[in-house]
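When a residue number appears, it is its place in the shown sequence, counting from 1. First listed ligand is number 1; within each ligand, the first listed atom is number 1.
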Amino acid sequence: MAGNGKAAAGGVVVPEIKYTKLFINGEFVDAVSGKTFETRDPRTGDVLAHVAEAGKADVDLAVKAARDAFEHGKWPRMSGYERGRIMNKLADLVDQHTEELAALDGADAGKLLLLGKIIDVPAATQMLRYYAGAADKIHGDVLRVSGKYQGYTLKEPIGVVGVIIPWNFPTMMFFLKVSPALAAGCTVVVKPAEQTPLSALYYAHLAKLAGVPDGVINVVPGFGHTAGAAITSHMDVDSVAFTGSTEIGRLIMESAARSNLKTVSLELGGKSPLIVFDDADVDMAVNLSRLAIFFNKGEVCVAGSRVYVQEGIYDEFVKKAVEAAQSWKVGDPFDVTTNMGPQVDKEQFEKVLKYIEHGKSEGATLLTGGKPAAEKGYYIEPTIFVDVTDDMKIAQEEIFGPVMSLMKFKTVDEVIEKANCTKYGLAAGIVTKSLDIVNRVSRSVRAGTVWVNCYFAFDPDAPFGGYKMSGFGRDQGLAAMDKYLQVKSVITAL
Ligand code: NAD
């Protein structure tokens with residue numbers, strides 16, 4: 001049984017939930033207001049836990065703790081090696097609790113338990129270890145200063161970082177931001193998504209066990225317009241690292257501009273194209289396209305939601321893609337034979353179904369799926385539309401659900417134009433054997449990541465982020481450390 005869970009009504013396994021309070025200055029505490037909010041299990045719609053709800057007063061306390069830890073505490077002052085050692089210890093502890101953590105995200109977000117165990121949690125600890133290794137390699141440059149001077153640069157931690165993250169990968173998002181911030185010597189105030197607050201609180205507990213000093217990591221679950229806005233408008237937060245929708249990204253920039261001009265990095269939405277050329281192995285391309293859109297129930301910022309297939313293989317591709325979608329098993333994410341769990345919550349479930357209705361009313365042809373897949377819970381069938389045109393809502397807007405729009409193209413130039421025809425620019429996929437096509441398309445597509453004959457290949461060393469309205473700034477890679485560092489020039493008269 002997963003994570004010491006117990007079987008609840010209807011046979012679903014519910015993990016034990018240990019941490020539901022705010023984590024401020026090394027302690028689990030109630031909200032100042034005493035308020036809590038419900039987090040629900042998308043498999044049933046039932047309440048999973050009541051979690052302390054942070055408001056402005058709690059964010060103030062968390063920022064104060066982070067500021068004190070930054071100005072007076074050990075973390076920014078200890079050697080990078082020592083910070084890295086503690087981060088590695090945290091990674092070991094997370095690894096030891098993989099089963100429980102995957103179960104928490106499984107019940108909170110509807111994510112597959114198996115994938116949590118083999119992808120989400122291991123990827124998070126890989127990220128932590130990558131940046132633990134970088135913590136003692138932060139150095140500046142010697143400057144060529146003319147005249148009777150010598151100069152060098154120092155890289156210093158930026159200060160208190162507000163981390164605001166979405167619900168689709170609660171574990172990975174937490175460590176994607178927190179790992180480089182910690183390595184740099186920053187302190188953080190993390191606001192997990194209101195739909196999925198549970199694993200972040202568990203990580204705060206493990207960080208304390210690993211030896212991260214009090215005040216360095218604070219976790220304040222709550223809503224965006226209250227707790228989130230209190231972070232972005234706070235005069236004592238130096239930087240905000242955000243992942244979420246383009247719409248909220250814009251609000252965050254406005255709030256940063258109106259308050260203390262804090263720096264922001266924005267990882268936002270996407271509408272990524274997967275382009276399949278005539279020379280592709282059709283079976284391999286169909287499998288890739290299925291993964292690209294139905295993995296994690298389409299709740300992936302880089303989901304391959306627009307699939308462009310060249311005319312020579314289009315008919316065969318469509319037939320096989322429909323068969324592949326119909327064999328993608330929807331069900332309880334704790335069942336190892338399930339391929340796709342429920343959408344994260346009722347709002348997301350209804351939003352996806354509404355997009356499906358838009359697709360039909362705009363004239364696209366629904367080939368498979370399009371309906372709820374169960375009577376209870378937020379399950380939706382894997383859905384495929386054809387006869388989609390680039391101007392339709394389902395081809396332009398981020399659905400964030402298991403809905404594939406399949407489109408036909410003739411030439412390389414034509415598909416490059418189509419691939420670039422949305423406001424987003426997060427990722428793209430290309431399936432072909434031609435090196436010439438790979439080179440042309442990967443250089444012409446305006447996206448932060450291009451996958452060739454693969455999809456979702458992530459590595460901590462590969463910078464990740466968006467072009468256009470998919471945001472700016474990069475997560476992952478050594479360069480991501482720069483978001484959490486200031487550069488100081490020191491010039492000395494000889
Ligand atoms: P969202 O923008 O609604 O919420 C994201 C976070 O912002 C949540 O924690 C939320 O509480 C908070 N928030 C909401 N309003 C706020 C406000 N006014 N001030 C401060 N914080 C506020 O996004 P979501 O629905 O949680 O996640 C889905 C979106 O995230 C999709 O658009 C998806 O593409 C995007 N996403 C992007 C990436 C990426 O790396 N580019 C990765 C995952 C998800």
| task | Not counting sequence neighbours, list each pair that qualifies as a side chain to side chain donor-acceptor pair (under 3.5 Å) and has a residue in residues 166-177. | result |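 Residue pairs passing side chain to side chain donor-acceptor pair (under 3.5 Å), neighbours aside: Asp105-Thr171, Thr171-Tyr203, Lys177-Thr243, Lys177-Asp475.
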Please check whether [X] reaches ligand 1 - meaning an N/O of the residue sits under 3.5 Å from an N/O of the ligand, judged on distance alone.
| X | result |
| --- | --- |
| Ser470 | no |
| Thr246 | no |
| Leu251 | no |
| Gln195 | no |
| Thr243 | no |

| message | Yes or no: does Ala229 have any heavy atom under 4.0 Å from an atom of ligand 1? | response |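 Yes, that is the case, since the closest heavy atom of the residue is under 4.0 Å from the ligand.
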| Any non-hydrogen atom of Met173 lying under 4.0 Å from ligand 1? |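 Distance cut 4.0 Å: Met173 passes for ligand 1.
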Note the single closest protein heavy atom to [atom], along with its residue, its atom name and the distance in Å.
| atom | answer |
| --- | --- |
| atom 35 (C) of ligand 1 | Gly244 O, 3.1 Å |
| atom 36 (N) of ligand 1 | Cys301 CB, 3.5 Å |
| atom 23 (O) of ligand 1 | Ser245 N, 3.5 Å |
| atom 8 (C) of ligand 1 | Ile165 O, 3.4 Å |
| atom 28 (C) of ligand 1 | Phe400 CE2, 3.5 Å |
| atom 25 (O) of ligand 1 | Trp167 NE1, 3.1 Å |
| atom 14 (C) of ligand 1 | Gly224 CA, 3.4 Å |
| atom 20 (C) of ligand 1 | Gly228 C, 3.3 Å |

Once you restrict to heavy atoms under 4.0 Å, what part of [X] touches ligand 1? Side chain, backbone, both or neither.
| X | value |
| --- | --- |
| Glu194 | side chain |
| Glu398 | side chain |
| Val302 | neither |
| Phe464 | side chain |

As an exercise, identify every atom of ligand 1 less than 4.0 angstrom from a heavy atom of [X].
| X | value |
| --- | --- |
| Asn168 | 43 (C), 44 (C) |
| Pro166 | 26 (O), 27 (O), 43 (C), 44 (C) |
| Leu426 | 41 (N) |
| Leu268 | 34 (O), 37 (C), 38 (C), 39 (C), 41 (N) |

Does any donor atom in the side chain of [X] or [Y] lie under 3.5 Å from an acceptor atom in the other side chain?
| X | Y | result |
| --- | --- | --- |
| Glu100 | Tyr202 | yes |
| Glu299 | Gln343 | yes |
| His234 | Asp60 | yes |

Answer yes or no: is there an ion pair linking [X] with [Y], defined by an N-O contact shorter than 4.0 Å?
| X | Y | result |
| --- | --- | --- |
| Arg67 | Asp236 | yes |
| Arg474 | Asp482 | no |
| Glu347 | Lys351 | no |

| query | Centre of Tyr378's six-membered ring, under 6.0 Å away, within 45 degrees of the axis: is that where NZ or CZ of Arg43 sits? | reply |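 That pair does not qualify as a cation-pi contact.
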| query | Is the cationic atom of Lys111 (NZ for Lys, CZ for Arg) positioned less than 6.0 Å from the six-membered ring centroid of Phe169 and within 45 degrees of its normal? | reply |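 Yes; both conditions hold, so Lys111 lies above the ring face of Phe169.
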| message | Looking at every heavy atom in both Thr187 and Gly215, which two are closest together, and how far apart are they? | response |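 That closest heavy-atom pairing would be CB-O, 4.0 Å.
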| field | Heavy-atom pair with the smallest gap, counting every atom of Asp459 and Gln476 | value |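 Heavy atoms only, the tightest pair is O-NE2, 3.1 Å.
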| task | Test Phe458 against Trp451 for ring pair (Phe, Tyr, Trp, His ring centres under 6.0 Å), laying out the working first. | result | CA-CA 10 Å; Phe458 278 100; Trp451 285 300; 5.5 Å; yes
| task | Quickly, which of Lys208, Lys18, Lys21 forms a side-chain contact (heavy atoms from CB on, under 4.5 Å) with Phe28? Name it, please. | result |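 Only match with Phe28 under side-chain contact (heavy atoms from CB on, under 4.5 Å): Lys21.
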| query | Right, does atom 4 (O) of ligand 1 have protein non-hydrogen atoms nearer than 4.0 Å? | reply |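 Looking at atom 4 (O) of ligand 1, one finds that no protein heavy atom lies closer than 4.0 Å.
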| request: Indicate yes or no for a side-chain donor-acceptor contact from Lys35 to the backbone of Ala31 under 3.5 Å, with no hydrogens or angles considered. | output: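 Looks like no, no N/O pair under 3.5 Å.
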